[in-house]
Protein chains: 2
Amino acid sequence: MTDKGQAGSGRKRTVGRPRRIEAQQIVDVARRIIREEGVEAVSMRRVAKEVGATPMALYHHVRDKDELLLLTLQGMAATFPRPALPADPRDRLLTTAVHMHTILSEVPWVLDVLSLGDLTDKEALWMPEEIIGSAIACGLTPTQALHAYRTIWYVVYGALVFQRADARRAADPERRPFFPTFLTEEDAVALPRMTEMAANWQESKGRYDIAEQLEAVVDGLLRKGRRHASQSPNS
Amino acid sequence: MTDKGQAGSGRKRTVGRPRRIEAQQIVDVARRIIREEGVEAVSMRRVAKEVGATPMALYHHVRDKDELLLLTLQGMAATFPRPALPADPRDRLLTTAVHMHTILSEVPWVLDVLSLGDLTDKEALWMPEEIIGSAIACGLTPTQALHAYRTIWYVVYGALVFQRADARRAADPERRPFFPTFLTEEDAVALPRMTEMAANWQESKGRYDIAEQLEAVVDGLLRKGRRHASQSPNS
DNA sequence: ACCTGAACACCGTTCAAGT
DNA sequence: ACCTGAACACCGTTCAAGT
């Protein structure tokens, strides 16, 4: 337990002080804390305590807290079953996009780590691969397909962020909502639509259907391909 | 300076200990710190120090740190000139959406406050008003228009979040990027597109054109209206 | 090589007391 | 009514020293 196989070198490490904690232990503990209490409960000190070491011992295995969180993400995607996809590329694309939203809404804490910006989990790459591949099959150039993927990802990500914000505010009974209560009668002149919508603002949030929206977005993004597919098939 | 006009009551406050700090002072200081050093530099203790009071004095004027940040946002939109909009509703919608992205990319710290989820700044409401109104003019029902606005907002918000993440990582010379360096030759079989794109991954980010993407998204979202406009004009 | 201990420079917020 | 002082329960990270 004090040594660790080194892929490539083929030799066990024998020099220096033996390890007391493994990087994997640290990541496992962080993952459990997140699952049970949320990302905001993760701190270097807390993880260290639960792993049975001082805070500083962690810095021997991870560069900083951001890296620990990024590692925590690794392998997450593998825990979700990969869905069966339809044959038509446009439908494959859409199904994959909706699937991204579905799995992430079950693990909303991931959003904070994802916003650090790096792709870290190889098991998750089949989704951009599928979306980009399908977009190309629909007539987009590789570059257009990549940009389309980004746009789709932004819709999914944004929807999840504000979905979570709503859930958080709903959970806090002390909250005093700013909008739409601060609209006055004078505002109705300059802001007729907003005033009209104000009454069932909360309710309308519940009616937002991500699959329906993604369908419209995807169709918009693929139109470029349909138009030019026969004229310029390369990027 | 020790009293404050009370709108509605019409009487100056004369009871109790005179005020030493005004809520507006607190917000102003917070805004300056954000402008000069970023949101992460704002703390109750720091603001209190610069306003010349103890941390706890702030809690007499704002409920907590979140409320302070929300107040900081108020009036932000008024500092940006409102653009001239074209006559055609589809173009008005698109121009407004791009404008949202443009002004927010100049004040990226706002993103963190916006993700708290509340609309707080009345001066910013002309943008959703314009987008929703134009969408209705293009044939969407009010409900469809509201949902379309949300989707557009998610694209704008997502693009800004990851744009900022890229800028942050680019500023940190110590960073070791995970993707695409961790792709092996075996991965090329399962992930041909991702492997293909890996070479100019960074470069392709720079080529992402938000206006072009929003145009496709908007057209996708408006199609529903064009199809059904003559059949079912109400929600 | 790996880990500890002490320290630095911070946080948000509660509570009781003062003016 | 408004503000202070002290305290509670935390943070991430650096640095020098120990095994």
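In what follows, every chain begins at residue 1, and chains take the letters A, B, ... in the order their sequences are listed. Worth saying up front: this structure is predicted, and the values here are computed from it rather than measured.
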In Watson-Crick or G-U wobble terms, both distances under 3.5 Å, what is the partner of D:dG12?
C:dC8

Between atom CG in A:D64 and atom C1' in D:dT13, what is the gap in whole Å?
10 Å

Report yes if at least one side-chain N or O of B:H61 is closer than 4.0 Å to OP1 or OP2 of D:dC2; otherwise report no.
no

5'-most contact on DNA chain C (nearest-nucleotide basis), A:A53 vs B:R46, goes to A:A53

Closest nucleotide among C:dC3, D:dG5, D:dC2 to the B:H60 side chain:
D:dC2

What is the separation between atom CD on B:E22 and atom P on D:dC2, rounded to the nearest whole Å?
9 Å

Closest approach to the side chain of A:S43, judged atom by atom: which nucleotide of D:dG12, C:dC3, D:dG5 is it?
D:dG12

Whole angstrom is fine here: how far is it from CD in A:E40 over to C1' in D:dC11?
14 Å

Minimal non-hydrogen separation, A:E129 against B:M194, with atom names:
OE1-N, 2.9 Å

Rounding to a whole Å, what distance do you find between B:R19:CZ and C:dT19:C1'?
16 Å

Whole-angstrom distance between D:dA9 and C:dC10, as gauged at atom P:
23 Å

Between CE of B:M44 and C1' of D:dA7 the distance, given in whole Å, is 18 Å

Return the value, rounded to whole Å, for the distance between atom CE of A:M56 and atom P of C:dT4.
11 Å

Gap between atoms CZ and P, on B:R63 and C:dT13 respectively (whole Å)
11 Å

pair A:V98-A:V156: side-chain heavy atoms closer than 4.5 Å
no

A:R20 CZ to C:dC2 P: how many Å, rounded?
13 Å

Using a heavy-atom cut-off of under 4.0 Å over every strand shown, decide if A:R45 touches base, sugar-phosphate, or nothing.
base

For the C1' atoms, the ones on D:dC3 and on C:dT14, what distance do you get once it is rounded to whole angstrom?
15 Å

Evaluate the ring-ring contact (aromatic ring centres under 6.0 Å, His included) criterion for residues B:Y154 and B:Y149: first the C-alpha distance (whole Å), next the side-chain angles of each, then the deciding distance (0.1 Å), finally the verdict.
CA-CA 9 Å; B:Y154 297 156; B:Y149 164 70; 8.7 Å; no

Verdict with reasoning, B:W126 to B:H99, per ring-ring contact (aromatic ring centres under 6.0 Å, His included)
CA-CA 12 Å; B:W126 71 266; B:H99 184 251; 5.6 Å; yes

Heavy-atom pair with the smallest gap, counting every atom of B:A48 and B:L58
N-CD1, 3.9 Å

Who is the Watson-Crick or G-U wobble partner of C:dG18, with both distances under 3.5 Å?
D:dC2

